[in-house]
Structure formats: C-alpha cells, structure tokens
2 protein chains.
Amino acid sequence: MAKQTILVVDDEKDLLDLIEYNLKKEGFDVLKAENGEEGIKIAKEHNPDLILMDIMMPKMDGLEAVKHIRSDDDLKAIPIIFLTARSDEKTEVEGLDIGGDDYITKPISTTKLISRIKAVMRRFEETTEEVNRLEVHDLVIDKDRYIVIRGDEEFQLPRKEFELLYYLASRKGKVRDRQTLLNKVWGDNIYVVDRTVDVHVRKIREKLGDHYIETVKGVGYRFKE
Amino acid sequence: MAKQTILVVDDEKDLLDLIEYNLKKEGFDVLKAENGEEGIKIAKEHNPDLILMDIMMPKMDGLEAVKHIRSDDDLKAIPIIFLTARSDEKTEVEGLDIGGDDYITKPISTTKLISRIKAVMRRFEETTEEVNRLEVHDLVIDKDRYIVIRGDEEFQLPRKEFELLYYLASRKGKVRDRQTLLNKVWGDNIYVVDRTVDVHVRKIREKLGDHYIETVKGVGYRFKE
DNA sequence: TACAGCCGTTAAGAAATTGTTACGCCCTGT
DNA sequence: ACAGGGCGTAACAATTTCTTAACGGCTGTA
C-alpha cells in the first residue's frame with residue numbers, strides 16, 4: 001500500500017511536531033499547517049488522505065475551515081478528525097454537523113490518536129472500494145485476497161513474497177534497487193540486510209517460475225515487461 | 001427519502017413534548033412513550049427509524065428496554081440514542097455496551113440533539129441495506145434467526161462468533177486483518193486485544209469445521225472462496 | 001589465470017504469528 | 001445464591017515466515 005498522507009492543522013507548534021513525530025513513526029506522510037487558511041491551501045495542493053483539524057485557531061478556525069473543505073468538490077470526500085481542547089458540547093456537535101468524521105479531545109493520547117485515525121481510514125476505504133488487483137502477463141495478483149492466480153492454479157505466497165511481487169508487478173518494467181525495495185515493501189525504518197531481497201526473489205521464482213522477475217545486474221530487480 | 005420516524009421514550013412529559021416539538025420542526029415523525037415497557041410495545045408496532053431512550057425511568061428503565069430491543073430480531077437493527085441525567089461514566093459505558101449507538105446528557109441542547117440524531121442516522125444508512133441471509137458453500141447463514149444451517153444440521157453460534165462468521169462470509173474471499181474485524185464486528189471504539197479474534201475463529205472452526213475460515217499469516221483471516 | 005564484484009542457492013537459527021487451552025469475569029435465568 | 005454460557009485475556013505450544021551467513025558460480029578485467 002502506498003504511504004498515506006495526513007494533514008495536521010493546529011496552531012500549537014509543539015503539538016504539531018509531536019503529532020508529526022508519532023504519525024511518521026507509524027508510517028504516514030505528514031503535512032502541517034498552522035491555521036485554517038493555510039490548511040485549506042495545503043489540502044488543495046496535496047490532497048491528503050485525512051485531515052486532523054484543531055477547532056480553536058487564529059485566523060480561520062477549524063469549523064470554518066471544514067466548511068470550506070466540505071464545499072470544495074476536490075476536497076469534500078477527505079475524512080476529517082477534529083481536535084478539541086475541551087469536550088465542550090457545543091463545539092463538538094457543531095463539528096460533527098458540518099462534516100467531521102470523528103473528534104478527539106486534548107490532551108491527546110498517542111495510541112488513541114493513531115487508532116482513531118486508522119479506524120476512520122478503514123471506514124472510508126470500504127466506501128472507496130479500490131481495486132487492489134493487478135493483471136500482468138498470465139498472472140492475476142489479487143491483494144484483497146492475497147493470492148496469485150495463473151490459469152486455474154492458485155498460489156498462496158507468504159506476506160513478504162506477495163508484497164514484493166505486488167510492488168514490482170505494479171511497476172512493471174521499472175528497475176528498483178534492493179534498498180528501494182526494502183523501503184517500499186519492508187518499510188522505512190527497518191533494518192535488514194539487502195541480500196534478503198534476493199532470497200525472497202528466489203522463493204517467488206521457485207513458485208511461479210523464473211520468467212516474471214528479472215535481475216538487472218549491478219542495479220536491482222524488475223518485473224518483466 | 002420518506003419521513004423518518006423517531007420514537008422518544010422518557011418519563012418527563014414536558015421534556016417529551018419539547019423534544020417532539022423540535023423533532024417535528026425538523027421534519028421527523030415522532031412517537032412517544034413514557035416508560036420502557038410502553039416503548040417496546042410502540043417500537044414493535046411502528047418500527048421507528050431511531051429510538052431516543054431515557055435511561056432512568058419507572059417501570060422498566062432504559063437499559064433494560066434496550067436489552068429487550070437488541071434481542072428482538074425485528075427491532076435489533078434500530079439505532080438507539082440514550083439520554084442520561086448525569087454523565088456518570090459507568091452508565092454511559094453500560095449503555096454503549098448493550099447496544100446504544102450514542103448517548104446525550106441532559107439538559108439537552110436542541111441543536112445538539114438534532115445533529116446527533118442525524119449523525120447516527122448517517123452512520124446507519126451506510127451500514128444498513130444488508131441481505132440477512134447468506135448462502136455460501138454448504139452453509140446457510142441466517143442473520144434474521146442468528147442460526148447457521150448445513151444440510152439438516154443447525155448451529156446456534158453465540159453472538160460474536162455468529163457475527164464474525166457473517167462478516168467474513170459476506171466478504172467471501174477477501175482478507176481482513178484483526179483490527180478491521182474488531183472494528184466491524186465488535187465496534188469502533190471498543191478496546192479488546194486483537195488476539196480475541198483468534199479465539200473466536202477457533203471456536204467457529206471447532207463447531208463448523210476448519211474448512212471455512214482460512215488464515216493468511218501476517219495478514220488476517222478470510223472466508224474460503 | 002587471478003581477482004573482484006555480483007548474484008543464486010541453501011540451510012539453519014531467529015523471529016513472528018497463530019493455534020489451543022485454561023482461567024476469570026459478568027450477566028442471565030433458575 | 002448458584003449454575004451455565006458467552007467473552008476477553010494470558011500463557012505456552014506449534015508453525016510458518018524471515019534473515020542471515022556462507023559458499024559457489026559467473027562475468028569482466030588486469
């Protein structure tokens with residue numbers, strides 16, 4: 001899965017940094033804005049997958065900002081989670097009414113924040129109904145089911161093998177060096193020896209045959225075009 | 001969309017009238033009941049789209065009433081919002097636990113009430129519209145009766161097991177990770193260890209056999225295709 | 001031929017993940 | 001109050017998957 005981007009809008013810089021740190025640790029890309037106006041601008045430019053919005057801010061407050069977002073065709077579908085200083089009833093409700101998808105009261109527990117974010121994203125994914133299904137050569141690589149199909153054979157690859165294959169297949173023809181593969185498939189802050197990739201490639205070849213993943217000596221691997 | 005009907009159950013007549021007035025102004029049809037017992041009776045007769053239920057009432061209190069509603073096949077799908085006099089956490093939690101979908105503390109702000117109602121309804125619209133009877137492989141999973149049938153065997157699975165099976169079966173072939181399963185079957189803001197899913201899967205397998213739910217290591221579970 | 005750089009292959013041990021069982025809590029109906 | 005069922009958790013066993021390290025082969029170069 002491609003990295004997901006979260007836009008955090010809050011006027012407290014410290015909090016912004018703290019949230020950024022935690023979200024990045026969880027593997028999200030993070031964008032920051034310090035007020036509603038800036039938030040909208042950045043949202044338009046980058047189309048984040050989710051917005052974390054403080055309600056009380058100078059210049060343009062969160063509620064105002066969300067109204068704008070919800071009336072912008074390009075942005076209206078983005079899920080929004082509110083941050084509120086106190087669980088003051090009125091704000092809370094107003095927020096849900098204009099189209100927030102959840103709200104969290106400060107002070108924020110990191111785990112809670114993360115799990116809320118993931119919950120909201122999941123709720124949205126089902127609605128979006130993406131097709132995670134690649135068809136390349138004589139293979140069907142179905143990520144929803146985590147299986148690879150060829151003719152009427154069905155292969156159950158282990159997770160890493162599957163994801164590696166999926167990544168390469170989704171970029172058919174493009175060479176990726178081992179380090180890139182590790183970053184994309186294993187994750188950024190993971191420490192493993194890059195020869196590990198070789199082993200996985202070999203296992204894939206063992207199961208599906210040699211003719212899908214090609215070696216580019218001195219560079220890396222690529223899915224055959 | 002047709003006018004939506006809301007059943008309000010509260011023993012304070014004045015409040016009942018006030019709420020009625022406001023809901024009607026918003027375009028809802030309103031039914032009233034003054035205690036849990038009466039509430040259930042009216043619910044069965046009219047099948048409202050949502051129930052607003054006071055917790056503290058004479059005769060049969062709200063929690064009790066909701067338990068009945070949740071165990072009545074015709075009524076169990078109706079969203080319920082609790083009204084509580086105090087934001088006593090325990091009652092609050094208990095309420096959500098037996099199947100309330102939201103709760104509001106008195107005194108009630110009208111705007112807040114309305115927007116909560118709308119929010120809950122929105123949430124339900126997305127979820128509803130399910131077929132209540134699945135036929136997969138040699139199984140019939142009947143959600144109306146909470147029963148699984150194979151040939152002339154009939155299995156009475158406990159609630160969680162049933163719902164987990166139902167969820168997976170209704171997405172035959174698609175892998176779901178534990179967290180997603182928890183969110184979908186247990187509910188969003190429920191905190192349970194994700195290994196709980198394993199145990200329930202095991203119990204289902206114990207009763208129906210191993211060949212329905214497949215494990216995808218490192219990912220989650222899926223109903224066999 | 002000797003050497004260096006790179007990749008393929010293997011097998012073994014480590015790590016991660018799941019299966020299974022048992023226990024305790026809570027609620028319900030008796 | 002008590003028995004029973006449903007649920008969530010913890011702990012340990014059983015498996016599967018992942019990594020590493022080591023060795024051998026191939027290719028191009030001096």
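The sequence lines fix the lettering, A, B, ..., with proteins before strands; numbering per chain opens at 1. Note that this is a predicted model, so its numbers are computed, not measured.
- A straight line from CG of A:Asp194 to P of D:dT19 spans 12 Å, rounded to a whole angstrom.
- In this model, the phosphate group of D:dT19 is approached by a side-chain N or O of A:Trp186 to a distance below 4.0 Å at OP1 or OP2.
- Close to D:dC18, at under 4.0 Å from its OP1 or OP2, lies no side-chain N or O of A:Arg159.
- Rounded to whole angstrom, the span from the CZ atom of B:Arg202 across to the P atom of D:dA14 amounts to 15 Å.
- In this structure, the CG atom of B:Leu181 is 12 Å from the P atom of C:dT18, given to the nearest Å.
- Summary of the strand contacts: B:Lys207 and A:Val192 both lie near DNA chain D, and taking for each the nucleotide with the nearest heavy atom, the more 5' one is attributed to B:Lys207.
- Residue contacts shown for B:Lys217 include a base, since a base heavy atom lies under 4.0 Å away.
- Contact annotation for A:Val199: base contact, defined as any heavy-atom pair under 4.0 Å involving a base atom.
- Between C:dT17 and B:Thr215, no contact under 4.0 Å exists linking OP1 or OP2 to a side-chain N or O.
- When the P atom of D:dC7 is taken as reference, atom CG of B:Asp198 falls 16 Å away, rounded to whole Å.
- Of the listed nucleotides (D:dA10, D:dC7, C:dT18), C:dT18 has the atom at the smallest distance from the side chain of B:Arg178.
- Between B:Glu161 and A:Val193, it is B:Glu161 whose nearest contact on DNA chain D lies nearer the 5' terminus.
- Side-chain N/O atoms of B:Tyr146 and B:Glu163 include a donor and acceptor closer than 3.5 Å.
- Look at CD on A:Glu206: it is 15 Å from C1' on D:dC18, rounded to the nearest Å.
- Electrostatic pairing of B:Arg222 and A:Asp144 does not count as a salt bridge here, judged by no charged N lying under 4.0 Å from a carboxylate O.
- Among the heavy atoms of the strands lying under 4.0 Å from A:Thr196 is at least one base atom, whether or not backbone atoms are also near.
- B:Arg205 places a side-chain N or O within 3.5 Å of a backbone atom of B:Ile213 that can act as its donor or acceptor partner.
- In the displayed structure, B:Lys44 atom NZ is contacted under 6.0 Å by at most 12 heavy atoms of other residues, nucleotides or ligands.
- Per the geometry, NE2 belonging to A:His200 stands 10 Å off P belonging to D:dT20, to the nearest Å.
- Atom CD in A:Glu214 sits about 12 Å away from atom P in C:dG8, given to the nearest Å.
- Between the P atom of D:dG5 and the CG atom of B:Leu157 lies a distance of 15 Å, rounded to the nearest Å.
- A:Thr5 pairs with exactly one of A:Asp49, A:Ile51, A:Asn47 by the side-chain contact (heavy atoms from CB on, under 4.5 Å) rule, that one being A:Asp49.
- Residue B:Tyr221 is classed as a sugar-phosphate contact, given heavy-atom separations below 4.0 Å to backbone atoms only.
- Map A:Arg195 and B:Gly218 each onto its nearest nucleotide of DNA chain C; the residue landing nearer the 5' end is A:Arg195.
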